[in-house]
Amino acid sequence: MQAYSEILRTMDIYREIDRLNPRQREAALHGEGPLLVLAGAGSGKTRVITMRTAYLIHTGVPAGSVLAVTFTNKAAREMKGRVQHMVKTGNGSPVISTFHSLCLRILRREIEVLGYRKDFTIYDTSEQVSLLRNILSEIKFYDKSFKAEALLERISRTKNSFASQNDDADPIEEASAMIYPKYLDALKSMNALDFDDLLLLTLRLFREYPEILRKYRERFRYLMVDEYQDTNRVQYDFIKLMAGERRNLCVVGDDDQSIYGWRGADIGNILDFEKDFPGTVTVRLEQNYRSFGHILNAANGVIRNNARRMEKSLWTEKGDGPKVNIFKAADTEDEAEWIIDRVSLIKDERNIRFEDVAIIYRANNFSRPFEEALRRKRIPYSVVGGTSYFERTEIKDLAAYLKIIANPSDGLSLMRAANVPKRGLGATALGVIADFARTNSIGLLDAFGGASGIPGIGKKAAASAEKFFDLIRHYRQMFDSGREMGKTLEALINEINYRDYVLGLYKTPEAAFGRMENIAGFVESITHYESTEQAPSLQGFLETVALTDLIEEEEEKGGRGVTLISFHSSKGLEFPVVFIAGTEEDMLPHKKSADTDEGIEEERRLFYVGITRAMNELYITYAQNRTKYGKSEPSFPSRFLEEIPEEAARKLDRFEEMDPDQEKAYVKKLYANLMAKLGD
DNA sequence: GAATCACGCATTTTT
DNA sequence: TGCGTGATTC
């Protein structure tokens, strides 16, 4: 029985390999040594990585010695799903993981040699910001021209690129040089790591402890890295170390889609790969399975103008298809209305769903005119992106409790939890406790425990602090011993009257409804976690919270209607019909990126990414006047528009180039819309 | 501690 | 223009 299914799988593999195109096959069958797969947009790269993994294992490589690293959970999930189909599980399975969770796993095992405890906490961006704010106010850094976010960006860049701290006399630079060490100390003392630390400390571990590095090199003999063009300096060093002498390293990526330079991604990593790893086999995946020819010609024509890139050119067997449509709108509203009219027109004519349509723009605040127009026409839509989701106060509050329970050194979470709900511990009392803890070098939580012995603290506050200490200690035991984390969390929520507290924050119970849902959702997610994990732990749950977006799944399911999305967020997605809006100078290229050639080239890549999202139809629009900050100003077509080959595009006017039937339908539609508007 | 106001700022965001 | 922040006020 088992043998039979194995034969089937074997056949599956060969059948699948047979279905690859020659380039894909070359990549999938590559054995030892460095391999660079330059995977153009829509060229089936995930298929290739999956096939290569399956094939390696098929040829006798132990599954567990294959490591594939991605940037996003989504990519890892997808790859896992596909590999599971191809590979017999049981003899271990390949490790497919994001950079961050891989490093986290390593650090959980090894971090003690670096002077951290294993129960370290992970701070997300908002916690990093709070920490920085605390530091700023502590050292009485009253220059309000320094925003914590700006500092954080600088600090993160320093961490990720090993940039030296004070090259120039830029004021942010100076502030950063001053605050950076304090920030590092604070993290360390709280036994906490930020996102960057996960990678950085793993790298340090490998550098300083060769025997640990050796262990992981032995463990992972075949490495694959997805989206290699997005790696930063730290990730590059990490990969290089892991690959070691063996150099069984396969990197997959597309330099033309490198759009995260501003976050530290170094396009040089992929451009110099062949130099860094002599003997590299380079495979170009240029056949595109997504778009029609004219769309690809437009994309090729644009990206050709970049100097720093690996030569390649997308092609298809699908035929030319319709030309790329370029439309000049009068102003911001006109653009939005024209696009939305077009959406309903196309929907009726082509029998497509709203889900098949995306509107892509440079900056998130561009979604607004489209949202308004869509609402007017009662067309369903969903906006992708924006960072606001992460900031759900209720989840942060409850997570702070869990964090201080899991890691008693986590002073930041302690301070947050101590105040929510209010329990008579104001800024003064907390300050006194914190000072006391610091001067006597005892833990902050312990200082809470002995609050009544602290000079200068009120009786009530002291009692409250000690009660809080007991609460944390109690739940630490509960979470430690008990299996039932969901119930324990529920008990905690009840004990601190958290729901009442949140209810009290809003005028009406209706207004608080969403908040209640968040709380319920959080409890549900911990329950779900403990029921799916083999060895659930509070720490493990907190990792999930930190490293994966809890909302991800509902969002994917809930995302209905027309998609409104930024260029950046659109990478990796595809839509039958794509509108690219606001193709104007100062927006694309954005004026803040237009000073340098590097900046311009990254903007051009953005445009390229946008164009290559389209499968069947692509519309590119620009407006002659754009409303910015309430004022309408003349706007000019983007320089990138001229780079689209003339044969691949056509200029579209409202009625021109439509056949009479279409025009009739269009007018009918306009009429219907007018009626709908009157009906409002 | 809550409500109010004035001010400044406004690109992109995988973990 | 419109939002979030920080200061001011009761």
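Just so we're on the same page: letters track the sequence lines, and every chain starts at 1.
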Nearest-angstrom distance from the residue atom CD of A/Glu227 to P of B/dT15: 12 Å
ring-ring contact (aromatic ring centres under 6.0 Å, His included) assessment of A/His100 paired with A/Phe71: CA-CA 8 Å; A/His100 293 267; A/Phe71 275 88; 8.2 Å; no
Protein-nucleotide distance (A/Leu198, atom CG; B/dT15, atom C1'), rounded to Å: 8 Å
is_close_aromatic(A/His590, A/Trp262), centroid dist under 6.0 Å: no
Centroid-centroid under 6.0 Å between A/Phe522 and A/Phe541 rings: yes
Distance between C1' atoms of C/dG6 and B/dT11 (Å, rounded): 25 Å
side-chain N/O A/Arg368 vs C/dT1 OP1/OP2, d < 4.0 Å: no
Minimum side-chain heavy-atom gap A/Leu542-A/Ile122 below 4.5 Å: no
Nucleotide C/dG2, atom P - distance to NZ of A/Lys631 in whole Å: 14 Å
Check: A/Phe273 ring centroid to A/Tyr228 ring centroid under 6.0 Å: yes
Atom-to-atom span, CZ of A/Arg133 to P of C/dG4 - whole angstrom: 13 Å
Distance in angstrom units between A/Glu372 CD and C/dG2 C1', rounded: 12 Å
Atom pair distance, as rounded to whole Å: CG in A/Asp226 and P in B/dT15: 13 Å
Sub-6.0 Å ring centroid separation between A/Tyr501 and A/Tyr498: yes
Pairwise P distance, B/dT12 and C/dC3 [rounded to whole Å]: 16 Å
Plane angle bin for A/Phe206 and A/Phe238 - parallel if under 30°, tilted between 30 and 60°, otherwise perpendicular: parallel
Base-contact (B) and sugar-phosphate-only (S) positions in nucleotides 5-12 of chain B, heavy-atom cut-off under 4.0 Å, - elsewhere: -----BBB
Value in whole Å for how far the C1' atom of C/dT1 lies from CD of A/Glu371: 16 Å
A/Asp194 CG - B/dT13 P separation (whole Å): 21 Å
